[in-house]
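The structure under discussion appears below in the form of structure tokens.
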Amino acid sequence: MSDTAVGGAAIELENLTKRYPGSPYPAVDNVSLEIKAGEIVIFVGPSGGGKTTLLKMINRLIEPTSGRIRIGGEDVTDMDPVKLRRKVGYAIQSSGLFPHMTVAQNIALVPKMVGWPKTKIKDRVEEMLDLVGLDPGEFRGRYPRQLSGGQQQRVGVARALAADPPVLLMDEPFGAVDPITRDHLQDELIRLQHELHKTIVFVTHDFDEAIKLGDRIAVLRDRSHIAQFDTPEAILTNPADDFVSGFVGAGAALKRLNLTRVRDVEIAEFPTVTVDDPLQDIFNKLRDAQTNELLLLDKRGRPYKWLRRGDLMRAKGSLARAGTLVHDTVTRDATLRDALEAVLTDNAGRVAVTGRRGEYTGVVDMATLMNSVQEMLEADRLDASEHQHQLEEQRARQTQLAQEGVTGAQEDPA
């Protein structure tokens, strides 16, 4: 990113209400909320509860009936909505790319509208494609129909961020892609946020996604009434009421695996070879490897196949027929839950960890993950024990005060 890159801006919603003609109840009813600059806040709640309406009022795609909106301290309630939307990035489920425009033209749309010079726009397109992990030379001239769903979503995020807005609104942006792609897009958003520090407001119906992505989560009832607005950990460990507990659902302890990242545990080295290595070198490394297998990397350094000792012999020395394809990987920003799911589907109990362009960086295995789970459970037990101890001390103190109050009353001649 350039030295002049814009960080996030605080958002204040004050008594925000939306009423539609003919409806007996408001779609959004008197919502007040403060979002800090540079944090990811997730709106999660039941379908039809008004969370998307609330989101769209921030950039006034839906005009509020009453209330105020401030971004970076500036009241934008009465600002020209077109000017406002140029300052607020917006990414939706279907990516919203214009099919008749190339990837580069889609990304350049808002910078062009705000009058950036052509050379700056060209540089920005290259920068944004690189930022979301797409090779500019390969993708800038493609049309949306030539992209996978995950690639379209990456371009959609790149377009939303192209004019460097302080705020990014995301409405179910990963809801239409397959689960593995969705996990990787979530990881990519986490990585991007580490670099950009934007203020991101994100709507989802998936509580696991909310836990994984959010710095704070707003659990919304009907009409966007706020049931609880807190950190994922606080909501998991201390839901405000039965409604919030219903959203947390069963397995709160397992959901806490979404709070820890792969980068927080030990990522081990693993012997690797590449498709360009001479076969004899691969044979020699397999012979010397203590793991009985190697990880074969493609020409870009990405995990390609797991090679075991007998694989090359059975395939008569051909890499094309040897080994087992790598079906799943995780990034350093993936959660321990993502990693555990990947490991559990792997016969050997390990998963390759990759960088931003899919390049190999190491592996995590079942033993490492189970140690982390054990440490997490132990910490939970200690926290619960400490909480119980505090409650007992509080009760004892209350009992003591009550007894002292009774004694004082008995001694008081009045």
Side-chain angles (χ1 to χ4, degrees), residues 13 15-18 20 23-36 39-58 92-93 169-179 182-183 185-186 189-190 200-261 334-338 340-341 344 373 376-377 379-381 383-384 387-388 391:
L13 308 180
N15 304 125
L16 213 57
T17 297
K18 179 62 183 179
Y20 289 104
S23 176
Y25 302 107
V28 173
D29 185 18
N30 200 38
V31 173
S32 295
L33 193 68
E34 291 189 15
I35 297 169
K36 299 171 187 174
E39 73 172 342
I40 301 181
V41 165
I42 313 292
F43 292 168
V44 63
S47 297
K51 55 188 183 295
T52 291
T53 301
L54 182 61
L55 182 84
K56 287 183 176 180
M57 283 196 285
I58 296 174
I92 58 178
Q93 182 175 119
L169 307 181
M170 308 187 81
D171 189 7
E172 297 273 11
F174 310 142
V177 296
D178 64 88
R182 184 175 190 169
D183 283 339
L185 288 169
Q186 291 166 349
L189 181 63
I190 293 165
I200 299 175
V201 187
F202 189 111
V203 164
T204 183
H205 66 276
D206 183 341
F207 194 71
D208 286 332
E209 182 169 64
I211 295 167
K212 178 175 178 177
L213 295 177
D215 295 310
R216 289 192 293 166
I217 300 171
V219 182
L220 304 178
R221 305 180 194 272
D222 285 344
R223 303 195 291 281
S224 287
H225 290 159
I226 299 170
Q228 189 168 359
F229 185 33
D230 214 329
T231 64
E233 189 163 18
I235 291 174
L236 282 174
T237 55
N238 191 24
D241 55 25
D242 289 344
F243 177 83
V244 179
S245 294
F247 257 95
V248 171
L254 183 61
K255 290 179 190 293
R256 289 197 63 196
L257 289 171
N258 279 329
L259 300 175
T260 307
R261 311 289 174 195
T335 65
L336 289 198
R337 183 166 181 170
D338 293 334
L340 189 58
E341 287 177 352
L344 287 171
V373 170
M376 196 179 299
L377 292 172
D380 283 351
R381 280 195 290 270
D383 287 345
H387 182 62
Q388 183 63 32
L391 285 176

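- Distance check: Asn238 CG to Gln228 CD gives 7.0 Å after rounding to the nearest 0.5 Å.
- Phe229 and Glu34 make their closest contact through CE2-O, 3.5 Å (heavy atoms, listed as atom of the first residue, atom of the second, distance).
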Review point. Do Leu213 and Thr204 pass the side-chain contact (heavy atoms from CB on, under 4.5 Å) test, and can you show the C-alpha distance, the side-chain angles, and the key distance before you say yes or no?
Key: CA-CA 10 Å; Leu213 295 177; Thr204 183; over 6 Å; no

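- Across all non-hydrogen atoms, the minimal contact from Pro239 to Val244 is CB-CG1, 3.8 Å.
- Between Lys212 and Arg261, some side-chain heavy-atom pair lies under the 4.5 Å cut-off.
- Taking a 6.0 Å sphere around CG of Asp178, one finds it holds more than 12 heavy atoms contributed by other residues, nucleotides or ligands.
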Review point. Which is it for Phe207 and Ile235 under the side-chain contact (heavy atoms from CB on, under 4.5 Å) test, yes or no, and what are the steps along the way?
Key: CA-CA 11 Å; Phe207 194 71; Ile235 291 174; 3.7 Å; yes

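- Here Phe247 contributes atom CZ and Asp206 contributes atom CG; the two are 10.5 Å apart, rounded to the nearest 0.5 Å.
- Salt-bridge annotation for Asp241 and Arg221: present, with a side-chain N of the basic residue lying under 4.0 Å from a carboxylate O of the acidic one.
- The backbone N or O of Gly50 sits less than 3.5 Å from a side-chain atom of Ser224, completing a donor-acceptor pair.
- Between Thr17 and Val31, the closest side-chain pair of non-hydrogen atoms is not below 4.5 Å.
- Minimum heavy-atom separation, Pro232 to Gly214: CG-O, 3.2 Å.
- Annotation: salt bridge (charged side-chain N to carboxylate O under 4.0 Å, His left out) contacts of Asp215 (sequence neighbours excluded): none.
- Looking at Lys51, its side chain never comes within 3.5 Å of a backbone N or O of Val219 through a donor-acceptor pair.
- To the nearest 0.5 angstrom, Ile40 atom CD1 is 4.0 Å from Ile200 atom CD1.
- A donor atom on one side chain and an acceptor atom on the other are found under 3.5 Å apart for Thr335 and Asp338.
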Point to revise | Stepwise side-chain contact (heavy atoms from CB on, under 4.5 Å) check, Arg337 with Ile211 | key: CA-CA 11 Å; Arg337 183 166 181 170; Ile211 295 167; over 6 Å; no

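- Here the closest heavy-atom approach between residue Leu54 and residue Leu13 is recorded as CD1-CD1, 4.0 Å.
- The minimum heavy-atom distance linking Val28 with Leu16 is given by the pair CG1-O, 3.6 Å.
- Atoms CZ and CD1, on Phe43 and Ile35 in that order, are 4.5 Å from each other to the nearest 0.5 Å.
- Phe202 meets the ring-ring contact (aromatic ring centres under 6.0 Å, His included) test with Phe174; sequence neighbours excluded.
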Exercise for review: Kindly determine whether Asp171 and Lys56 satisfy side-chain contact (heavy atoms from CB on, under 4.5 Å), including the steps that lead there.
Suggested key: CA-CA 9 Å; Asp171 189 7; Lys56 287 183 176 180; 4.2 Å; yes

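- Taking CG from Leu220 and OG1 from Thr53, the interatomic distance works out to 11.0 Å, rounded to the nearest 0.5 Å.
- Evaluation of the salt bridge (charged side-chain N to carboxylate O under 4.0 Å, His left out) rule for Glu172 yields no partner, not counting sequence neighbours.
- Listed for the Glu209 side chain is no donor-acceptor partner under 3.5 Å among the backbone atoms of Gly175.
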